[in-house]
Structures are given as structure tokens and as C-alpha cells.
Amino acid sequence: MGLGRRRFLALGVGSGVTALAGCFGGRSEGLSVDTLSVAGSPGEPVRVHPPGRVAVLDFFATWCAPCKPQMAHLRRVRERFDSNVFLLSITNERDRTAVRSFWRKYDGTWPVALDPELRVAERYGVHRLPTLLVVGPDGSERWRHVGLASEERIATEIERALG
């Protein structure tokens, strides 16, 4: 188990009350994260949740087995909802080369962000990978799924959040 995995697992034990804030619909005003310059990712800081938009936050890792097939589901969901939904994948890994390689191999076409200090993971109370969140236009968490989620289930939850 690499340092990244140990550190991520330790987060689950040590985050306590801070992590619970994400479970109860708290907001993330102004929270930004650095993205890599690769495929559809801009290589500049982006807001985790752009105000007034539905966002899908995908917490993943390159070493996570279910994260690999999840990429295809997310790509099809992105194509389906195009500009109506903001999609952001977030990893706690520091190895930019490994993340870029994963992104190319699995055809990522949206922003991929690095969160090595676990600021975003802590904010949203994420302890396991993969975890998907759908965040409503008001910043409240509308849906959370841990593990591999089907394209249809993700789309259904996005449609609910869009109202």
C-alpha cells in the first residue's frame, strides 16, 4: 500500500466532525482545486462546485480497480448532459505522470484535479474510492454513491438534481 493509499485511509479515521459536514448538505463556496493539463482538463485551478450548477464529483485513484470502468460511465454521462452539468474527477495522488497516463488510457474528457492535501475529500467526507457525489445548484449534496455506479443511475440522479 503506497503512501497515498495509507494517507487516504487514515483520513477515514481522523477526519471526524469535519468530514460529516459534507454529509449534511454544507457548501463549498470558493473551494478551488488545481487541475492537470491533459485531454479535456484545463491545467488551471477550477472551482469544485461552480455556483448555480449541478456538479458531479468523482473521487478516484489510478490504483482503484472499479475506478477504471467508472471512467466509461462518466464519459457517456458527460456526453449525454454536455454543458448542463459540471463534471470533475479528483484524486489525492501526487504523481502527475501516473494520473496523466490513467487519464489518457481511460479517455478522460473533463477536468481532473489533484487533491494531495485531501482538502476536497475532507470537505465532502469521502473515505472510500470510488465515491461519486451529485451536488445541486445550491451546493447541497443530492446523491452519494460508493463503488462502481451505472451510467443510468448516475444519469437518473443528475436529472433529479437538475429538477
Side-chain angles (χ1 to χ4, degrees), residues 8 19-62 64-93 96 99-116 118-163:
F8 185 80
L20 291 176
C23 297
F24 299 110
R27 293 182 181 234
S28 61
E29 288 105 2
L31 182 60
S32 294
V33 64
D34 291 329
T35 62
L36 287 178
S37 178
V38 60
S41 187
E44 59 190 36
V46 299
R47 290 185 100 168
V48 173
H49 177 252
R53 294 192 63 195
V54 169
V56 176
L57 305 180
D58 163 47
F59 292 86
F60 82 103
T62 60
C64 165
C67 296
K68 296 169 184 176
Q70 189 73 75
M71 289 290 291
H73 299 175
L74 291 170
R75 190 173 47 261
R76 288 189 297 269
V77 164
R78 182 173 190 270
E79 291 166 0
R80 184 170 170 177
F81 289 95
D82 194 28
S83 62
N84 292 328
V85 174
F86 177 72
L87 174 58
L88 176 65
S89 290
I90 304 161
T91 182
N92 70 315
E93 296 171 82
R96 293 171 178 264
V99 176
R100 279 190 184 100
S101 176
F102 178 92
W103 212 245
R104 287 184 189 110
K105 181 175 182 176
Y106 294 99
D107 299 319
T109 59
W110 58 92
V112 59
L114 301 178
D115 184 32
L118 303 170
R119 291 178 316 117
V120 182
E122 285 180 13
R123 162 56 193 85
Y124 285 97
V126 173
H127 305 294
R128 297 181 359 208
L129 300 175
T131 294
L132 284 174
L133 302 176
V134 173
V135 180
D138 63 353
S140 66
E141 182 178 317
R142 303 289 179 91
W143 179 69
R144 174 181 294 252
H145 182 84
V146 177
L148 182 60
S150 73
E151 174 186 348
E152 281 309 309
R153 181 63 192 268
I154 300 166
T156 296
E157 298 304 331
I158 290 171
E159 288 169 356
R160 285 185 186 160
L162 286 170

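All values below come from the heavy atoms of this structure, side chains included, with hydrogens, waters and symmetry mates left out.
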Begin from the C-alpha positions of Leu114 and Arg96 and carry the test side chain to side chain contact (heavy atoms under 4.5 Å, CB included) through to its verdict.
CA-CA 8 Å; Leu114 301 178; Arg96 293 171 178 264; 3.6 Å; yes
Between Glu93 and Thr91, a side-chain donor and acceptor under 3.5 Å
yes
When you measure from the side chain of [X] to the backbone N and O of [Y], does any donor-acceptor pair fall under 3.5 Å?
X	Y	result
His49	Arg53	yes
Thr35	Ser41	no
Asp107	Ala72	no
Thr156	Glu152	yes
Arg78	Thr109	yes

Between Arg100 and Arg104, is there a side-chain heavy-atom distance shorter than 4.5 Å?
yes
For Trp143, check ring pair (Phe, Tyr, Trp, His ring centres under 6.0 Å) against everything at least two apart and list the hits.
His145
Salt-bridge criterion met for Glu159 and Arg80 (N-O under 4.0 Å):
yes
Under-4.0 Å salt bridge between Arg144 and Glu141:
yes
What heavy-atom pair brings [X] and [Y] nearest, and what distance separates the two atoms?
X	Y	value
Ala65	Pro69	O-CD, 3.2 Å
Asp34	Pro45	OD1-CG, 3.4 Å
Ala55	Val48	CB-O, 4.3 Å
Glu151	Arg76	OE1-NE, 2.6 Å
Leu162	Asn84	CD2-O, 3.9 Å
Trp103	Ala39	CD1-CB, 3.8 Å

Report the C-alpha distance between Arg47 and Leu31 in whole Å, list the side-chain angles of each, state the deciding distance to 0.1 Å, and finish with yes or no for side chain to side chain contact (heavy atoms under 4.5 Å, CB included).
CA-CA 6 Å; Arg47 290 185 100 168; Leu31 182 60; over 6 Å; no
Could you walk me through whether Lys68 and Tyr106 pass side chain to side chain contact (heavy atoms under 4.5 Å, CB included), step by step?
CA-CA 7 Å; Lys68 296 169 184 176; Tyr106 294 99; 3.2 Å; yes
Would you mind telling me which of Val33, Val135, Val120 makes a side chain to side chain contact (heavy atoms under 4.5 Å, CB included) with Leu88?
Val33
About how many Å separate [atom2] of [Y] and [atom1] of [X], when rounded to the nearest 0.5 Å?
X	Y	atom1	atom2	result
Asp115	Ser89	CG	OG	12.5 Å
Met71	Arg75	CE	CZ	7.0 Å
Leu74	Leu132	CG	CG	5.5 Å

Apply side chain to side chain contact (heavy atoms under 4.5 Å, CB included) to residues Phe81 and Phe86 and explain how you reach the verdict.
CA-CA 9 Å; Phe81 289 95; Phe86 177 72; over 6 Å; no
In terms of ring plane angle, is the pair Tyr124 and Phe59 parallel, tilted or perpendicular, where the classes change at 30° and 60°?
tilted
Identify, with sequence neighbours excluded, every residue that meets side-chain hydrogen bond (donor to acceptor under 3.5 Å, both in side chains) alongside Arg160.
Glu157
